[in-house]
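Some notes on the structure that comes next.
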Number of protein chains: 2
Amino acid sequence: MATLSDIGVAAAINILSAFAFFLAFAILRIQPLNDRVYFPKWYLKGLRCSPLANGAFVSKFVNLDFRSYARFLNWMPAALQMPEPELIDHAGLDSAVYLRIYLLGLKIFVPIAFLAFTIMVPVNWTNNTLEHSGLTFSDIDKLSISNIPNGSLRFWTHLIMAYAFTFWTCYVLKREYEIVASLRLHFLASEQRRPDQFTVLVKNVPPDPDESISELVEHFFLVNHPEHYLSHQVVYNANKLSELVNEKKKIQNWLDYYQNKYERNPSKRPLLKQMGFLGLWGESVDAVDFYTAKTERLSRDISLEREKITSNPKSIMAAAFVSFKTRWGAAVCAQTQQCRNPTIWLTEWAPEPRDVYWENLSIPFVFLTIRRLIVAVAFFFLTFFFVIPIAIVQSLANIESIEKALPFLKPIIEVKVIKSFIQGFLPGIALKIFLLFLPTILMIMSKFEGFISLSALERRSASRYYFFQFINVFLGSIITGTAFQQLNNFIHQSTNEIPKTIGASIPMKATFFITYIMVDGWAGVAAEILRLKPLIIYHLKNFFLVKTEKDREEAMDPGTIGFNTGEPQIQLYFLLGLVYAIVTPILLPFIIVFFALAFVVFRHQIINVYNQEYESAAAYWPDVHLRIIVALIISQLLLMGLLSTKEAASSTPLLITLPVLTIWFHRFCKGCYEPAFVRNPLQEAMMKDTLERAREPNLNLKGFLQNAYIHPVFKSADDDKIDVVMEEWEEEPSLIATKRTSKRSTPLSSKHGRSSFSSPEANKERSKT
Amino acid sequence: MATLSDIGVAAAINILSAFAFFLAFAILRIQPLNDRVYFPKWYLKGLRCSPLANGAFVSKFVNLDFRSYARFLNWMPAALQMPEPELIDHAGLDSAVYLRIYLLGLKIFVPIAFLAFTIMVPVNWTNNTLEHSGLTFSDIDKLSISNIPNGSLRFWTHLIMAYAFTFWTCYVLKREYEIVASLRLHFLASEQRRPDQFTVLVKNVPPDPDESISELVEHFFLVNHPEHYLSHQVVYNANKLSELVNEKKKIQNWLDYYQNKYERNPSKRPLLKQMGFLGLWGESVDAVDFYTAKTERLSRDISLEREKITSNPKSIMAAAFVSFKTRWGAAVCAQTQQCRNPTIWLTEWAPEPRDVYWENLSIPFVFLTIRRLIVAVAFFFLTFFFVIPIAIVQSLANIESIEKALPFLKPIIEVKVIKSFIQGFLPGIALKIFLLFLPTILMIMSKFEGFISLSALERRSASRYYFFQFINVFLGSIITGTAFQQLNNFIHQSTNEIPKTIGASIPMKATFFITYIMVDGWAGVAAEILRLKPLIIYHLKNFFLVKTEKDREEAMDPGTIGFNTGEPQIQLYFLLGLVYAIVTPILLPFIIVFFALAFVVFRHQIINVYNQEYESAAAYWPDVHLRIIVALIISQLLLMGLLSTKEAASSTPLLITLPVLTIWFHRFCKGCYEPAFVRNPLQEAMMKDTLERAREPNLNLKGFLQNAYIHPVFKSADDDKIDVVMEEWEEEPSLIATKRTSKRSTPLSSKHGRSSFSSPEANKERSKT
């Protein structure tokens with residue numbers, strides 16, 4: 001077991017590395033060359049121009065103003081200055097509410113830590129059970145519940161504290177849910193007219209021998225929503241077209257690369273071995289000509305494919321976006337069942353155009369349920385058989401077994417600093433590397449499962465990731481870390497023994513989790529701000545591919561928050577904090593430092609870097625709330641287990657009421673606030689409709705909506721036309737001037753749904769129906 | 001352990017008692033005197049007249065046609081003759097679908113029994129493990145899985161059978177769900193215009209300082225459903241009025257009693273001791289005068305209270321029935337969220353007027369959640385502390401312990417017949433007596449929980465009752481029966497040991513459950529048809545209270561199916577059948593006999609006796625389906641436990657996939673069919689609206705709806721007016737002539753919601769708003 005000084009060494013290392021990251025960031029950030037890496041958000045909003053355009057030659061690339069180096073941490077207060085309403089305007093509600101999760105961590109754990117250190121730590125410290133027990137122990141254990149003798153009356157303190165912590169957490173959670181719900185409703189209400197307010201996604205349109213999908217949809221809604229139906233937009237199966245477009249983009253990059261090469265060295269035309277592995281053999285051809293020809297061929301293929309899609313009725317999927325004359329009509333259609341067969345004509349709120357995940361729009365109901373089954377089984381195996389490699393690595397990452405396996409390393413390992421280093425670092429790093437592979441797999445699973453919006457995909461992946469982390473990081477570390485050989489016995493233990501076993505090992509694992517928090521939380525967050533990967537890629541692209549200012553814009557990779565990985569990580573800290581609050585309060589300051597640091601760093605990143613692909617108006621909050629509740633219940637069960645091993649059995653009935661009350665609290669909150677995240681109240685819709693009718697009686701809504709939901713691939717070829725169309729709309733009288741209009745100069749783009757406007761071909765198809 | 005001959009004795013006793021019940025029924029049934037006890041349904045429908053009115057004096061009371069005694073079982077084919085559509089017309093869909101549950105039992109278990117007896121029984125029988133084991137065993141055990149040696153390859157038969165049984169059960173379940181869903185939709189579609197098709201119940205209307213509830217509701221819906229809102233009906237808090245009316249009815253009964261007494265013996269006016277316990281002391285008064293005065297006082301109080309309720313705005317509850325111009329409008333309002341605060345303006349489909357449980361209409365959201373918590377905790381204690389008395393009784397009801405406790409009884413008990421009798425009967429009866437108390441308690445719990453319709457109350461009570469039976473009858477009998485002292489050890493067993501322990505004791509409890517089925521199932525069902533309690537009460541009332549034909553009508557107590565007790569009982573048989581199908585197939589014939597007998601008996605009762613209080617159009621089917629699925633999963637888990645004790649561990653992976661597939665199947669069915677029971681498709685609503693508009697363009701819907709949802713107590717005083725109002729409506733052109741019009745002569749009434757028409761006072765109040 002690691003001692004206090006081991007922890008000290010690990011803390012020093014991690015603080016130093018965090019500091020090094022910050023320093024590197026501070027220096028790299030103020031170099032004009034890196035401006036697009038560290039401030040891409042502002043470029044995308046069109047509020048920042050390239051510093052390369054003016055000034056002396058050297059100062060274009062290197063910052064020579066040495067005073068600015070002295071203020072190297074001044075980004076921190078800057079990040080905190082922007083008030084929340086402005087932040088919502090600037091980065092969207094998703095990002096602003098995401099920051100509130102960190103704030104929530106601080107709100108929960110700062111008072112808890114204060115209480116724990118003033119009341120519980122003295123109670124624990126003033127015993128000497130451990131000293132008399134003959135066991136090896138560290139000073140950390142002296143501060144923990146382990147130091148209280150079995151059956152002591154002092155456990156009443158912990159019991160009362162458990163109640164206090166639960167009530168405080170619930171209180172904060174309820175207030176936060178309330179705030180977020182009202183933020184969301186306010187955000188939705190104050191927003192400008194958006195196509196998704198009027199649009200409903202209809203899935204599982206049944207096939208009809210006599211009518212095309214488009215006719216069928218029109219007739220169905222004309223009959224069943226006669227006063228509200230406005231228009232609809234069929235969905236094309238454009239997966240092949242997307243592939244072609246992506247390929248063209250890749251070829252275009254190579255073409256740019258060789259053209260750049262040629263321009264820099266005009267004496268020699270770049271050659272290329274046409275065939276074979278890595279261009280090692282085959283006939284040499286002129287690279288520029290080769291790729292130009294290839295690009296042209298692809299362009300031809302693309303326009304052919306596009307023609308084919310729009311003319312072939314078979315490429316129309318059994319889904320459609322149906323638009324209504326009023327928000328009220330759309331709200332009604334989205335919330336009701338249309339047909340007596342509940343597996344066809346399924347309606348739901350259309351996601352934002354850029355939030356749509358097009359590939360999944362037409363999966364029949366039966367296949368959806370089968371896919372869910374397959375994914376559930378696959379996820380089960382992924383979760384429960386991933387335990388084994390982690391356990392092996394962790395049992396190796398223990399000094400004694402390393403010495404046994406590789407005895408020649410013994411002299412090196414026995415050096416005190418190295419020993420501390422290995423003990424403090426290795427288990428955390430092993431875990432972290434394993435977890436790197438995971439999000440991609442989980443995302444693929446969610447996609448296979450058939451969700452139709454990016455936000456839903458991310459939410460689902462996040463909950464899977466959290467479950468995985470709970471089983472493998474939390475439980476895995478607690479059980480295998482202490483006694484891997486006990487795992488097998490553990491499966492055969494009694495139901496009421498499980499919380500006991502886990503509860504009893506919790507105090508022993510405190511030091512492990514402290515190092516984990518420092519590696520993953522402190523240093524990890526600090527590394528986030530450096531953006532090493534985007535930095536390198538940007539400079540590579542900049543050097544090889546970029547020709548115009550527009551290319552440079554495309555070379556930027558602002559990235560996103562990454563809800564599917566970020567949120568489960570935060571949740572793990574909530575879990576650790578709640579579990580250890582009673583048991584080993586010394587862990588709390590480490591968690592508080594994490595929350596504070598992450599809050600500042602991510603606030604900075606959200607303001608300056610990240611560019612969200614979609615805006616779901618904080619639709620993920622019910623998940624966040626639920627997971628904190630689950631963490632709370634787990635902490636209560638484990639405390640119950642721990643106390644029952646401490647012969648404080650009289651506390652059990654009092655402890656059982658805690659999870660009951662917590663579950664009840666969750667159901668109460670769910671009833672009060674969750675509908676705000678799922679449904680759309682008719683009152684609101686009617687209010688906005690009435691207002692709009694009064695202010696703009698001659699609104700051409702049909703024109704506004706007609707091409708909103710077109711597959712993004714249809715527009716990639718005619719970027720020019722967009723601006724024309726866009727400006728047409730911008731000319732309409734707009735009531736509330738928001739900063740969103742700034743996208744006129746540089747459209748806020750995202751990977752999947754760059755634009756909401758369509759190709760002329762698609763328009764043709766529309767007018768035919 | 002009971003032997004085959006013990007079972008034979010028990011079977012003989014139960015068959016004889018069932019036969020005796022049938023014989024008694026056959027004789028009592030054809031006495032004209034009992035006609036109203038055994039055919040009340042026909043009287044209520046107005047299709048049968050009192051046989052007392054004509055014929056010779058003696059034959060008025062006693063059937064002298066001796067030929068009719070010879071055909072004493074001819075009610076059975078008669079009960080089976082009525083075709084299902086006519087049955088739905090006659091008794092409602094609820095009753096018709098309720099019978100399908102018994103039929104479902106036959107559909108599932110007859111083929112299963114056939115398979116089990118042709119394949120599994122020979123496989124079990126051709127071993128002699130038990131003979132070599134030295135244990136005592138009966139012939140029944142030779143037919144069961146116990147007779148297969150540990151680790152035998154013959155377990156593959158059971159494994160394959162488990163798959164076959166699961167697939168067959170799922171197939172039947174799916175088909176049945178499909179049929180019931182389409183029956184429901186067809187029933188709803190073919191029904192005449194009913195007020196609940198146009199009406200939505202709005203709960204949690206927020207208080208407003210400036211407007212009355214009625215104004216508030218009107219304004220809210222005029223604003224948010226401007227094109228569809230028609231009218232509304234506020235809900236009065238008439239609980240005190242109901243009490244007064246009930247008291248008056250009781251007093252009226254006493255008055256009738258004394259008047260009858262006086263008429264029979266006019267020489268002596270009946271006296272009554274005015275005060276004190278059971279009228280034992282105090283001043284004597286003339287009973288008729290006393291009760292006449294009391295009735296008059298109560299009548300005055302009632303009209304005062306009625307005046308008070310209609311004039312006092314505080315007696316208006318925060319709920320209302322809102323009616324719409326179209327079914328489409330109502331369907332939309334019921335399925336959508338109205339207000340941004342999801343705890344106010346809650347809308348849901350209005351139950352049928354006679355289905356409304358008026359007392360619960362205005363419970364605020366917060367109280368509702370608190371009530372749910374309280375009931376959940378109370379139910380937990382009820383369920384888990386009820387185990388103890390049953391266990392005590394059962395351990396007493398075992399020959400050895402009786403002999404030990406009461407040694408002087410030994411010579412009597414040791415008589416072979418008596419011994420068999422005790423062993424076969426006692427445990428079943430002890431259980432049955434315990435369970436008699438339960439439904440009332442569970443119903444009170446459901447009422448406290450705040451459900452707003454009788455059908456929901458019964459559904460909830462049924463699921464609680466089933467859970468209770470599962471824990472206490474099923475698990476309780478299996479575990480405590482074999483080894484009450486093991487119960488304590490059992491709590492401390494491992495998770496994977498629990499199915500093993502239960503699974504291993506299942507074969508041993510087969511004989512217990514066989515006797516239970518015979519007592520509870522065979523004899524119990526046969527006793528149901530005799531209607532002993534209603535018979536006695538009817539004759540008492542007839543003798544003491546009845547003066548007019550109308551009184552006699554009120555003296556009838558047709559009763560209802562009693563979904564809250566009947567369905568969980570059937571479910572217990574499903575559970576037993578599915579669990580024992582693999583283990584001890586000899587149990588199956590007993591269950592099949594139960595289902596067949598119960599089907600015939602309840603079909604007879606539904607046709608001739610029961611009068612449902614409400615019609616929920618088989619809204620309970622999802623619950624029925626779910627519980628059979630749960631039983632299936634339990635049977636799979638227990639089989640897994642049993643086989644793992646039999647050293648057939650290689651079967652475990654194959655057995656684990658069974659519950660996974662079953663759960664998936666359930667989710668699939670839920671997605672496909674459940675919405676038909678919960679939501680109302682807009683397409684259907686629109687279709688009926690359009691049809692109606694075309695056929696009856698001048699329909700006065702407002703008049704039709706205006707008094708549909710008035711508290712039943714407001715109309716109890718003016719029965720006369722109802723007929724007038726009713727006939728008014730009957731005169732309207734009605735499109736589909738159904739047998740429902742037969743209620744014109746004798747209205748089909750029910751306990752809680754006799755009528756849908758209101759008092760003049762209430763009308764006055766309506767016209768004011």
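No hydrogens, no waters, no symmetry mates; every other heavy atom, side chains included, goes into these values. These numbers come from a predicted model, not from an experiment. Here is the naming used below: chain letters follow the sequence lines, and residue numbers restart at 1 for every chain.
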Exercise for the section: Establish, for the pair A:Arg372 and A:Phe451, whether the NZ or CZ atom is under 6.0 angstrom from the six-membered ring centre and no further than 45 degrees off its axis. Expected result: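 Yes, a cation-pi geometry holds between A:Arg372 and A:Phe451.
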Completion exercise
Checked A:Val332, A:Leu373, A:Ile370 vs chain B; the most non-hydrogen pairs under 4.5 Å come from A:Leu373
Fill in the blank from the handout: In terms of heavy-atom pairs under 4.5 Å with chain B, the winner among A:Val366, A:Asn224, A:Leu185 is A:Asn224
Exercise for the section: Measure A:Asp689 against the heavy atoms of chain B and call it side chain, backbone, both or neither at under 4.5 Å. Expected result: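 For A:Asp689, neither part sits under 4.5 Å from chain B.
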Completion exercise
If one checks every heavy atom of A:Phe365 against chain B at 4.5 Å, the contacting part turns out to be side chain
Pick from [options] with the largest number of heavy-atom pairs that fall under 4.5 Å of chain A:
options                                : answer
B:Thr343, B:Val678, B:Thr690, B:Asn341 : B:Thr343
B:Cys339, B:Ala685, B:Ala376           : B:Cys339
B:Glu227, B:Met686, B:Glu674, B:Gln338 : B:Gln338

Exercise for the section: Only pairs at least two apart or in different chains count here, so list each side-chain hydrogen bond (donor to acceptor under 3.5 Å, both in side chains) that has a residue in residues 659-668 of chain B. Expected result: B:Gln636-B:Thr662
Exercise for the section: Mind running side chain to side chain donor-acceptor pair (under 3.5 Å) on B:Glu211 and B:His219 for me, showing each step along the way? Expected result: CA-CA 10 Å; B:Glu211 287 187 309; B:His219 292 170; 2.4 Å; yes
Exercise for the section: Hey, can you tell me if B:Tyr177 and B:His625 have their rings parallel, tilted or perpendicular (30° and 60° cut-offs)? Expected result: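 Judged by the thresholds at 30° and 60°, the geometry between B:Tyr177 and B:His625 is tilted.
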Completion exercise
Applying a strict 4.5 Å limit to non-hydrogen atoms, the region of B:Trp328 in contact with chain A is side chain
Exercise for the section: Taking the six-membered ring for Trp and the full ring for Phe, Tyr or His, determine whether the centres of A:Phe324 and A:His225 are under 6.0 Å apart. Expected result: yes
Problem - Electrostatic pair B:Glu684-B:Lys688, nearest N-O below 4.0 angstrom - result: no
